[in-house]
Amino acid sequence: MVRTNDMQSPRSAIAFDLNSYLGDRKRQVEAALDQALPLLYPETLYESMRYSLLAGGKRLRPVLCLASCELSGGTIDMAMPTACALEMLHTMSLIHDDLPAMDNDDYRRGKPTNHKVYGEDIAILAGDGLLTYAFEHIARQTQGVGSDRLLQVIIQVSTAVGAAGLVGGQVVDLESEGKSDVDISTLNYIHTHKTGALLEASVVSGAMLAGASSDLLERLSQYAKNIGLAFQIVDDILDITATSEELGKTSGKDAQAQKATYPSLWGIEKSKQESKSLIEQAKAQLEGYGEAAKPLLAIADFITARSY
Ligand code: GRG
């Protein structure tokens, strides 16, 4: 994608309608997820995997992947298998996170958690099934992308969810629970790994599929790191300010579990300011990309404006 200076062009003067963009993309992703994972034998396992995968949610990770691929000159079709895989990985992390051995939650995406419906044994295995199927799905279903690029995508995504990413972040989070001396660098470690890594992989993998230049990959990686941290700060604020109904999961869990959070270290006002400043830094990375950057710019704004 060639950078342009058409920010003032008549087309760019038309406001970008984020709600209809997100609604359209969400529908496309949900149709692809439904197709990607049919109900097979053993039915209990597949039902359990489909129960959580098709339970709704913002679908932020697949939407970021598709938007980043398009910004980089690629197509939705070439990125859809990776976009679905990212949602499978995110969903499996939520299933495992909700287990009694971890966050012990009863309610997720407005529904009873997976283990509440299928039992802990099947919930663990549904997570395992989604984790492995995600990579199979990328490898088998991606079309129009060379195997070298696909290998880079698999390295990026697998690193993001493993011990150097989500799993590592989750471990430090569990170890920090109930401690009164968790400092900002530990909190940043937890969230750059537990939340940020998969958001970054979503943005970067979309661009990799399209063969983005190293300059654009670096800009998108910085964009994603900034929105990832802002996303978590807003998540911490919403845990205090929003209701369980609004969130579709139990609110107030952080205080209950005596977790260190950004608002507990900084207060709500400073947390809001920090998240806004991170979003401005994210958007600055995409200056000069014109029309093509509008979805990613609008998604960045959505992160601080969201109420769920
Ligand atoms: C990934 C191999 C592997 C194991 C899982 C349990 C675990 C290791 C990691 C926990 C990761 C986790 C649950 C992080 C929280 C991320 C987060 C902010 C979730 C909420 O995301 P939203 O708001 O949710 O995008 P929706 O429901 O809208 O998709």
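The first residue in the sequence is number 1, and the count goes up from there. Both counts, for ligands and for their atoms, begin at 1 and track the order of listing. Small disclaimer: the values here were computed from a predicted structure and weren't measured.
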Got a sec, which residues hit side chain to side chain contact (heavy atoms under 4.5 Å, CB included) with A212, two or more places apart in sequence or on another chain? S72, A207, L216, L217

Show me which atoms of ligand 1 lie under 4.0 Å from any heavy atom of [X].
X	answer
V167	2 (C), 3 (C), 4 (C)
R109	26 (P), 27 (O), 29 (O)
D235	18 (C)
V161	1 (C), 2 (C), 3 (C)

[atom] - nearest protein heavy atom and its distance:
atom	result
atom 15 (C) of ligand 1	K194 CE, 3.8 Å
atom 23 (O) of ligand 1	K58 NZ, 2.6 Å
atom 24 (O) of ligand 1	H90 NE2, 3.5 Å
atom 25 (O) of ligand 1	R61 NH1, 2.8 Å
atom 16 (C) of ligand 1	T195 OG1, 3.7 Å
atom 6 (C) of ligand 1	S93 O, 3.5 Å

May I ask whether [X] places a heavy atom under 4.0 Å from ligand 1?
X	answer
F231	yes
L60	no
L89	no

Sub-3.5 Å donor-acceptor pair from the side chain of [X] to the main-chain atoms of [Y], do we have one?
X	Y	result
D239	S251	no
Y21	I299	no
S68	L64	no

Check the angle between the aromatic planes of Y118 and Y51 and answer parallel, tilted or perpendicular using the 30° and 60° thresholds.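 The rings of Y118 and Y51 stand perpendicular, inter-plane angle above 60°.
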
Looking only at non-hydrogen atoms, which of Q170, H96, M102, K249 approaches atom 10 (C) of ligand 1 most closely? Q170

Any nitrogen or oxygen of D97, main chain or side chain, under 3.5 Å from a nitrogen or oxygen of ligand 1?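 No.
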
Do [Y] and [X] meet the salt-bridge criterion of a basic N to acidic O distance under 4.0 Å?
X	Y	value
R27	E30	no
D235	R306	yes
K253	D103	no
D173	K259	yes
D98	K249	no

